Amino acid sequence: MDYKNTVNLQDTTFPMRGDLAKREPQMLDKWTKQQRYQKIREICAGRDKFILHDGPPYANGKLHIGHATNKILKDIIIRSKTIEGYDAPYVPGWDCHGLPIELNIEKQFGKNLEPRDFRNKCREYANEQIEQQKADFIRLGVLGDWNNPYKTMDFKTEAGIVRSLGEIYKNGYLFSGVKPVYWCIDCGSALAEAEVEYYDKQSPAIDVAFKAVDSQEVAKKFDVDLPSGKSVFAIIWTTTPWTLPANQAICAGSEIEYALIYSPHTKDYYIVAANLIESLDTRSGLFKPDGFVFNGQLSTEEVAITWRGVAKLNGYRVAEKTLLGAELEHIKFEHPFYNRQVPMILGEHATDDAGTGLVHTAPAHGMDDYLVGVKYGLDLHNPVGNDGCYISTTEIFAGMNVFKANDKVVEILTECQRLMNKTDITHSYPCCWRHKSKIIFRTTGQWFIGMDKAGSDGKTLREQANKAVDDTKFFPAWGRARLESMIGNRPDWCVSRQRNWGVPMTFFVHKETGELHPESYVILEAVAKKIEVEGIDAWFELKSEQLPEFNLTDYVKLKDTLDVWFDSGTTHLTVVGTRPELQKANLQANEPAVDLYLEGSDQHRGWFQSSMLTGCAVTGHAPYKQLLTHGFVVDGNGRKMSKSLGNIVVPQEVMDKYGADMLRLWVAATDYSGELSISDEILKRVSESYRRIRNTIRFLLANLNDFNINKDAVAFDKMIELDRYAIAYADKLQAKIVNELYPSYQFHLLIQELVSYCSEELGGFYLDVLKDRLYTSKADGHARRSAQTALYHITKSLLGILSPILAFTADEAWEVLMHDANDSTLFHTHHKLPEIDNSDELLNKWTKLQEFRSTVLKELEAKRTEGLIGASLQAELVIHANKDLYPLLSSVGKDLKFAYMVSKVTLDQVDTSSVTVNVSKEAKCERCWHYSDDIGTNQEHATICGRCVENIAGNGETRTFA
RNA sequence: AGCCCGAUGUUGUAGUCUGGAUGCAAUCCACUCUGAUAAGGUGGCAGCAAAGGUUCGAAUCCUUUUCGGGCUACCA
């Protein structure tokens, strides 16, 4: 008889190889047809809500690995909250307005489209981009309301953005002002801080002389008697020659020491910071002629000055007396090429560590200059237009591009002999993040959300935001310091832009005064109603006559649009605040509407911050309870990905090669609080972990194939001890993962626990021990059903825990386990494992038995190396146990040999424990492969042992402990 | 330029606050099984970025350096 057929070898439809790249898309099709997202919403209806609000990616460009990482993390959380028992809807979104899209349309269609056409094209383009990105997101397994995402260009959202602006206006935080803003010539618009990046750029650096209006008087201050026909100059240093037309002052540091120095070349006299004389001379050669040696004789020219500091100053002819900057204040100088007198003023930003210690001051072109200009009442007038060219009234330079004007300025300075030196320097310079081109500072009329302006409730936005940061929980904790300093330091938020594809600032301003219409808040609501129906075109095409209820005759429409950061920064109002499924039934006053925002660490200056500011300005508190940040993705060597390094990992390729679950497992297994490394090797290692998990599941499913929980389950108090232990173990693991690791978002620790559970606890112990019982005991006998009962619970628990991460694999296995091709882990909550009596005791006992087992295994391995045994069943153990060990081992009774997978164990009590391994002299049972002395006892089954006879012909063997 | 973070075998990680033989998993090698088979079991190899300091003792504390990542600011 072939006894192999009597062994319970099961098979499963769950294949060993995942073949994910091919099968995942099929699963997705099925899920879409089933409308799984909607079905889950129905199942979850009535539960407490957990709101993770999606930060909208910009609707332009292909998905990169950073997008994928972010969305996968979000999906893991959404799924984990769902299976934990929350109603966790996920509405993905896109950021749609703004310059990058405009640029693409301009590139395609030129700049001469009608505004309405242009905006329509932008809208179409954004929609196309969204469709592409959406397909990739879905492919990642991200579960969400993909048929109904939010877009910042939805008419309702656009109207909501306008309304949010209205609230901020009403609350007193919005104001218009003239201020220097970052200005990108290529964008033709002001930029937000977040849109500015710094690169090394080359600039001309020039030293320029400003002639004193009254040289004689200035010389006297230095106790110098100026020869007739000689002049005194102040020298400034600048790397932006083009700002000289806007020069209104020279700025000195009040505590800096300034000297008057004579140039043997020009025969004139110059004011420079005393300790910068040498560096100025080094670059200009102005003061110390080659080969000059002071011989104690003074030339006629020099006699005018009382020379005393000469020797000390290495040949520089300097007036002995120096003056502090404060003593130079208000001295008048002539502009180098305009008929304009400019004063010497004082400012803290003037230092003596570079340049000449005197700072050229153009209030229209720099923040410091602007502030000091306001203080001294200087002309703030900005001569540069939106296009980066001087306006028509600018002498000499009218119509010229500012950067091109650099050369012209140099030329003119040379002509009028005011240029003392010119070199090129490479320095870090602010640039537009889109164009990478140099930006300029430009003082223009803009609209701001004030950080330090008290709102209608008497508090400043900065105060409110700081408080709100305190109330927020950060993962990881250092995010708090980051956001705090960000908000502490930021200037007023310039929200106006001068573009076409953006949400308009729907205000009417007075023709002459520029004041907002007194009924602005009401008008704005009227406009919002129109935008809700027709989109932003409603504003751009609006005629005052269409709002007859307001007196608009002396008012004009504001043409500015809003910074796109305002669009995304208000989604907690325009999206979360308006979609019913995202609202909690019992939200308390001042309670954030959203539980979690989750984005890359760059969003501290971006979305985290803009949302915080609008939240505080409109609602007085943060829009979110928790902030979770992840790092950027870098390559296997920790380098950031770049085209030139050729180390870019493309998510689509990973999915085509390994499948989405592999990418998801990679995200989960990586500590994302720092950088996330990815490379081919790393992915290979990840897929090895995956195989381990998958195979464990396969083994579990295979051995449950003939098991029906409703008919075959063994009552828990009747189960074999080892099986009860295994359930207790699984319960403890599940508790840790569900109660600690998922809620604290520490997925990498969770994955470690799970992989080591599959390898060590299950593969290395429980399942290994169980094989004998599963295969050889009576198919529907107590011993086997007890094991299967445990396996069933373990599998159900394991798949639930895995499902947020291995979304595809877990559900694939779930269908097999439940014998239902339409079921999903997410239609259920975490499996409730049966409560096991004395579980701690059991865990403790079997942990000790495992420890001793490894001693046994070492002994077996020694015998194996000696060539005495192969399979461990060839061995018999003689265990001499001391008084601690003996009760432990004997408490497992005759089942100890199964726990240790040998054919026989002899146990006695001694003082010192030891294990002896003997090779069995008995015959091998053809069926169960144990070596036994009762083979052949039964005539009918001459080649198998008594236990096997009982299992195939009797009622099945009895097991109690293992 | 300043500030912050990180670096643990080939890979992913734990341990660092609070000093005490580094640990887990995968890879690799060897043995073994052939009833999880492009599997399973057992054993083995190998690591604290570098240097210095404190200490009986340092992955851990201190200093310096290197490399990587990030942030902030701006040199007019």
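The structure displayed is predicted, hence computed values, not measured ones. Quick note on labels: first sequence line is chain A, next is B, and so on, each numbered from 1.
Within the nucleic acid shown, Ser756(A) comes within 4.0 Å of sugar-phosphate atoms alone, with no base atom in reach, counting heavy atoms only. Across all strands, Leu860(A) comes closer than 4.0 Å to no nucleic acid atom at all (heavy-atom distances). Among the heavy atoms of the strands lying under 4.0 Å from Asp768(A) are primed sugar atoms or P, OP1, OP2 only; no base atom is included. Within the 4.0 angstrom heavy-atom criterion, base atoms lie near Arg927(A). Contacts of Val7(A) with the nucleic acid, taken as non-hydrogen atoms under 4.0 Å apart, include base atoms. No contact: Gly631(A) has no heavy atom under 4.0 Å from any strand. Contacts of Ala702(A) with the nucleic acid, taken as non-hydrogen atoms under 4.0 Å apart, are absent. When heavy atoms are screened at a 4.0 angstrom cut-off, Trp666(A) is found touching no nucleic acid atom at all. Note on Met486(A): only backbone sugar-phosphate atoms sit closer than 4.0 angstrom, heavy atoms only; bases stay farther off. Within the nucleic acid shown, Ser689(A) has no heavy atom closer than 4.0 Å to any nucleic acid atom. Heavy atoms of Ser601(A) sit nowhere under 4.0 angstrom from any nucleic acid atom. Using a 4.0 Å heavy-atom criterion, one finds that Thr670(A) contacts the sugar-phosphate atoms exclusively. Here Gly870(A) lies in heavy-atom contact (under 4.0 Å) with sugar-phosphate atoms only.
With a cut-off of 3.5 Å on both pairing distances, the Watson-Crick or G-U wobble partner of A1(B) is U72(B). Summarising the base pairing, U18(B) is matched to no nucleotide, lacking a Watson-Crick or G-U wobble pair whose two defining distances lie under 3.5 Å. The base-pairing partner of G9(B), taking Watson-Crick or G-U wobble contacts with both distances under 3.5 Å, does not exist among the strands shown. The base-pairing partner of G44(B), taking Watson-Crick or G-U wobble contacts with both distances under 3.5 Å, is C28(B).
Comparing the C1' positions of G20(B) and C29(B) gives a spacing of 33 Å, expressed to the nearest Å. On the P atoms, U22(B) is 14 Å away from C45(B), given to the nearest whole Å. Nucleotides U11(B) and A49(B) are separated by 13 Å at their P atoms, to the nearest Å. Using atom P as the reference point in both U42(B) and A7(B), the two lie 31 Å apart (nearest Å). When the C1' atom is used for both A59(B) and G9(B), the distance is 14 Å, rounded to whole Å. Between the P atoms of C61(B) and G70(B), the separation comes to 25 Å (whole Å). Taking atom C1' in both U34(B) and C67(B), one finds a spacing of 49 Å when rounded to whole Å. When the C1' atom is used for both C48(B) and U16(B), the distance is 11 Å, rounded to whole Å.
Checking each of Tyr766(A), Tyr757(A), Phe765(A) against Tyr729(A) for a ring-ring contact (aromatic ring centres under 6.0 Å, His included) leaves exactly one that passes, namely Tyr757(A).
Summary of the strand contacts: Gln874(A) and Leu857(A) both lie near RNA chain B, and taking for each the nucleotide with the nearest heavy atom, the more 5' one is attributed to Gln874(A). The residue among Asn703(A) and Glu688(A) whose nearest nucleotide of RNA chain B is located toward the 5' end is Glu688(A).
In this structure, Arg694(A) satisfies the cation-pi test against Phe14(A), with its NZ or CZ atom closer than 6.0 Å to the six-membered ring centre and inside 45 degrees of the ring normal.
Tyr672(A) approaches Phe747(A) most closely through the heavy-atom pair CE2-CD1, 4.0 Å. Here the shortest heavy-atom pairing between Asn8(A) and Ala779(A) reads OD1-CB, 3.4 Å.
The CD1 atom of Ile236(A) sits 6.0 Å away from the CD1 atom of Ile206(A) when rounded to the nearest 0.5 Å.
In this entry the distance linking CG of Leu873(A) with C1' of G41(B) reads 12 Å, nearest Å. Between Lys863(A) atom NZ and C31(B) atom C1' the separation is 15 Å, expressed in whole Å.
A close approach under 4.0 Å does occur between a side-chain nitrogen or oxygen of Ser759(A) and OP1 or OP2 of A26(B). A sub-4.0 Å separation between OP1 or OP2 of C33(B) and a side-chain N or O of Arg864(A) is absent. For U72(B), one of the phosphate oxygens OP1 or OP2 lies less than 4.0 angstrom from a side-chain nitrogen or oxygen of Arg605(A). Taking side-chain N and O atoms only, Arg694(A) has no distance below 4.0 Å to OP1 or OP2 of A39(B). For the pair Lys4(A) and G35(B), the criterion of a side-chain N or O lying under 4.0 Å from OP1 or OP2 is met. When the side-chain nitrogen and oxygen atoms of Lys640(A) are compared with OP1 and OP2 of G70(B), one or more of them lie within a distance under 4.0 Å. Look at Tyr775(A) and you'll find a side-chain N or O under 4.0 angstrom from OP1 or OP2 of A36(B).
No hydrogens or angles considered: nothing links the side chains of Gln788(A) and Asn703(A) as a donor-acceptor pair under 3.5 Å. For the residue pair Glu957(A) and Asn951(A), a side-chain donor N or O sits within less than 3.5 Å of a side-chain acceptor on the partner.
A donor N or O paired with an acceptor N or O is found under 3.5 Å between the base of A36(B) and the side-chain atoms of Lys771(A).
Looking at the side chain of Thr776(A), the nearest of the listed nucleotides U42(B), G35(B), U11(B) is G35(B). Candidate nucleotides A36(B), C31(B), U10(B) were compared by shortest atom distance to the side chain of Asn695(A), and A36(B) ranks first. Checking G70(B), G12(B), U37(B) against the side-chain heavy atoms of Ala669(A) singles out G12(B) as nearest. Closest contact between the side chain of Ala871(A) and the listed nucleotides G43(B), C33(B), U11(B) involves C33(B). Considering only side-chain atoms of Lys858(A), the nucleotide from C71(B), G43(B), A39(B) that sits closest is G43(B).
The aromatic rings of Phe210(A) and His335(A) lie perpendicular to each other, with more than 60° between the two planes, well past the 30° mark.
The backbone N or O of Lys778(A) sits nowhere less than 3.5 Å from a side-chain atom of Arg784(A) that would complete a donor-acceptor pair.
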